[in-house]
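In what follows, a structure is listed as structure tokens, so that the remarks can point back to it.
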Amino acid sequence: MTIVQLEKRIVWLSTLFALTLLGLAALAINLFHVGLPTCLTDIKPFQKGELITHSPDHYELHYVARMWKFEPEDVVIPVGSTVDIYLSTPDVTHGLILAGTDLNLMAVPGVVNYARVKFDRPRVYQLLCHEFCGTGHDRMAADLRVVDLATFNAKQSAPKPTQPTDPAYRLLEAKDCLTCHTIDGSEGIGPTFKGIYGRKTKLKDGSTIAADDVYLRDSIVNPGTKIVDGFDDVMPKPELTDEEVDLILKYLENLK
Ligand code: CUA
């Protein structure tokens with residue numbers, strides 16, 4: 001065998017090998033629904049998480065990862081659905097894995113990442129952030145529930161739970177205050193709002209104060225000045241008008 005013949009054979013074999021790999025990849029995508037994550041730079045990042053129904057078995061799911069939660073937090077879809085998942089973030093880099101699937105996307109400010117997943121059996125999938133993104137990183141989780149058709153239909157026709165309509169509550173929610181402060185007394189990244197008004201509060205510097213109007217207003221407008229003992233100085237300065245701060249103070253005063 002001459003060298004030229006040998007080279008020809010090697011070229012043929014490499015081509016065959018490359019084609020086999022491509023074929024296997026195509027098979028994996030089509031047969032086993034392995035989604036290839038894609039970075040889309042021509043779509044404007046979403047500000048709002050939502051589930052959009054295209055047909056009874058095709059959904060579009062916009063996830064927004066933000067410090068420190070995923071929106072929407074609880075999604076229900078029927079088994080057999082194909083879901084186009086889009087992920088974006090308005091703040092820092094987060095990651096998204098869907099435990100129990102191959103889905104693994106990065107949430108990078110300024111771009112939208114995409115992958116398609118088909119859900120063939122009913123179960124509750126947990127979404128987790130896998131990129132360290134600050135104090136609340138380890139609480140970044142959400143549920144994606146794949147349910148059988150009967151359960152799904154029953155849920156669709158069930159009356160929606162009533163949302164709190166208090167404008168102050170809605171403002172706290174819109175400004176993401178409730179990501180870190182609870183209103184039911186349970187533990188959070190920041191002190192709970194429940195009973196905060198007039199509460200004797202120990203500060204990091206060792207002094208004790210009563211959380212009056214002046215202190216609360218100051219703590220909302222300049223979060224870093226007086227830190228409550230046991231908590232970290234992590235609250236970003238919120239964008240609030242004076243009227244909005246008044247509204248929040250009034251709400252806190254009544255939250256016994
Ligand atoms: Cu978001 Cu870690």
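Read the numbers this way: they start at 1 and go in the same order the structure lists the ligands and their atoms.
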*Ring centroid separation for Y63 and F46, is it under 6.0 angstrom?*
no

*Report the relative orientation of the aromatic rings in H181 and F193; use parallel for angles under 30°, tilted for 30 to 60°, perpendicular for over 60°.*
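The arrangement is parallel - the two ring planes meet at less than 30°.
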
*Is K204 salt-bridged to D233, going by a charged N under 4.0 Å from an acidic O?*
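Not counted as a salt bridge, because no side-chain N and carboxylate O are separated by less than 4.0 Å.
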
*Look at R66 together with D91 and state whether they make a salt bridge at an N to O cut-off of under 4.0 Å.*
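No, R66 and D91 are not salt-bridged.
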
*Should D166 and Y251 count as side-chain neighbours, where that means a heavy-atom distance under 4.5 Å?*
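Heavy-atom side-chain distance check passes, below 4.5 Å.
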
*Mark yes or no for whether D205, through its side chain, and S207, through its backbone, hold a donor-acceptor pair below 3.5 Å.*
yes

*Nearby protein N/O/S atoms (those under 2.8 Å) for atom 2 (Cu) of ligand 1, with water ignored*: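 Listed by chain and number, the atoms are C129 SG, E131 O, C133 SG, H137 ND1.
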
